[in-house]
> 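Input: one structure, supplied below.
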Amino acid sequence: SPFYGPNEGPTPDPYGDPVYNGIMDDCLGHTAQAGDYHFHAFLDECLGGAGDLDTPSPILGYALDGFPIYGPYGCVDAACTQVVEFQSSWEQTGDPTTYAWDNHAYVAKAGTQYLDQCNGRTGPDGKYRYHATAGFPYLLGCYRGTPSTTTGGGGETSCTTAADCTGKCAAGALGCTCFTKMDGAKVCRPTCTTAADCPAETPTNVCHPQQKVCVPPPK
């Protein structure tokens with residue numbers, strides 16, 4: 001199911017924060033008028049996470065800029081000797097029943113548990129990721145990267161030939177080609193010789209030994 005921002009309804013006059021207004025189900029999702037179910041926030045336990053401070057949250061999805069969205073729990077250090085619940089740094093300043101963004105402000109905070117303005121952080125592995133949080137904006141406060149409007153899953157750009165992928169992979173990529181996924185979808189993927197060639201800002205960081213493109217790590 002897709003996930004939407006922390007406002008409900010059309011622009012330029014949205015109806016407010018649906019989580020604050022209490023119009024979500026137990027998993028912080030609901031059905032739109034067209035019948036499509038979607039989330040405005042994530043609960044770790046509803047989507048396969050452990051929901052406790054002892055276990056890092058899994059990837060729950062990908063934003064349109066390609067960065068992964070994890071649940072609220074994550075490792076502070078590379079050895080994962082400490083797992084914390086990450087917190088939003090946004091503060092409520094008014095009544096979000098009308099328009100959520102005008103009634104919240106980002107206030108940078110000290111502490112490893114607090115996220116940046118986009119509700120994300122660079123992890124101990126050196127890679128950027130977003131985290132779902134209990135507080136506004138719940139998922140993303142902004143895009144850290146450049147969002148794609150044409151996707152083939154995980155923020156990837158759809159393609160027909162390699163020529164369609166010119167300039168479509170992340171900055172620093174060795175190259176960019178049209179790759180056919182197992183489900184038959186064709187998407188632009190960085191080319192590689194080794195995993196080190198796969199840009200850190202993409203959700204694909206393993207170099208396929210035969211295809212020589214960056215692919216998701218095995219689950």
Side-chain angles (χ1 to χ4, degrees), residues 1-53 56-74 76 83-123 128-149 151 154-155 203:
S1 298
F3 51 85
Y4 295 169
N7 268 302
E8 180 67 17
T11 56
D13 300 309
Y15 307 136
D17 180 343
V19 178
Y20 182 87
N21 289 336
I23 60 173
M24 314 300 291
D25 63 21
D26 291 342
C27 286
L28 301 180
H30 64 178
T31 303
Q33 291 181 353
D36 61 316
Y37 184 86
H38 61 274
F39 296 98
H40 286 272
F42 279 157
L43 284 181
D44 206 31
E45 55 267 34
C46 285
L47 297 168
D52 62 64
L53 281 173
S57 299
I59 294 176
L60 303 178
Y62 291 96
L64 287 177
D65 60 0
F67 288 116
I69 303 173
Y70 285 78
Y73 302 101
V76 172
V83 175
V84 301
E85 179 178 3
F86 293 108
Q87 306 290 324
S88 168
S89 294
W90 287 76
E91 296 182 356
Q92 184 177 331
T93 57
D95 179 11
T97 60
T98 55
Y99 185 59
W101 291 111
D102 283 350
N103 292 286
H104 289 88
Y106 170 74
V107 179
K109 296 177 173 62
T112 56
Q113 74 271 34
Y114 291 108
L115 302 173
D116 65 17
Q117 188 171 7
C118 292
N119 226 40
R121 64 189 286 268
T122 299
Y128 188 83
R129 74 284 310 273
Y130 302 105
H131 283 277
T133 54
F136 179 93
Y138 313 113
L139 297 171
L140 276 66
C142 54
Y143 285 112
R144 178 62 180 263
T146 302
S148 171
T149 57
T151 62

> Asn119 side chain to Ala132 main-chain N or O, any donor-acceptor pair under 3.5 Å?
no
> Treating Ser89 as the side-chain partner and Tyr106 as the backbone partner, does any N or O pair qualify as donor plus acceptor under 3.5 Å?
no
> Grab the two heavy atoms, one from Tyr138 and one from Ala41, that are nearest each other, plus how far apart they are.
CB-CB, 3.5 Å
> So which atom in Pro6 and which in Ala100 form the shortest heavy-atom distance, rounded to 0.1 Å?
O-CB, 3.4 Å
> First locate atom OG1 of Thr93, then atom NE2 of His104, and finally report the distance between them rounded to the nearest 0.5 Å.
7.0 Å
> Quick one: which residue pairs count as a salt bridge (Lys or Arg N to Asp or Glu O under 4.0 Å) with a foot in residues 94-120, not counting sequence neighbours?
Glu91-Lys109, Asp116-Arg144
> So, does Asn21 use its side chain to make a donor-acceptor pair with the main chain of Ile23 at under 3.5 Å?
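Here the side-chain-to-backbone pair does not exist.
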> Check whether any side-chain N or O of His131 sits under 3.5 Å from a backbone N or O of Gly71 as a donor-acceptor pair, and report yes or no.
yes
> Which atom names give the shortest non-hydrogen contact between Tyr114 and Ala110, and what distance separates them?
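Of all heavy-atom pairs spanning Tyr114 and Ala110, the closest is CD1-O, 3.1 Å.
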> Return the OH to CG distance between Tyr130 and Leu139, rounded to the nearest 0.5 Å.
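Spacing of OH (Tyr130) from CG (Leu139) equals 11.0 Å.
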> Rounded to the nearest 0.5 Å, what separation is found between the CD1 atom of Ile59 and the OH atom of Tyr70?
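OH of Tyr70 is found 3.5 Å from CD1 of Ile59.
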> For the CD atom of Gln117 and the OG atom of Ser88, what is their distance to the nearest 0.5 Å?
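Taking CD in Gln117 and OG in Ser88, the distance rounds to 10.5 Å.
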> Below 30° counts as parallel, above 60° as perpendicular, anything between as tilted: where do the rings of Trp101 and Phe136 land?
perpendicular
> How would you list, by chain and number, every residue that makes a side chain to side chain donor-acceptor pair (under 3.5 Å) with Arg121, sequence neighbours excluded?
none
> Side chains of Tyr62 and Pro68: does their closest heavy-atom pair fall under 4.5 Å?
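A side-chain contact exists here, since the closest heavy-atom pair is under 4.5 Å.
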> Which pair of non-hydrogen atoms, one from Tyr20 and one from Thr97, has the smallest distance, and what is that distance?
CE2-CG2, 3.5 Å
> Does some side-chain heavy atom of Pro96 sit less than 4.5 Å from a side-chain heavy atom of Thr98?
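When only atoms from C-beta onward are counted, Pro96 and Thr98 do not touch, as no gap falls below 4.5 Å.
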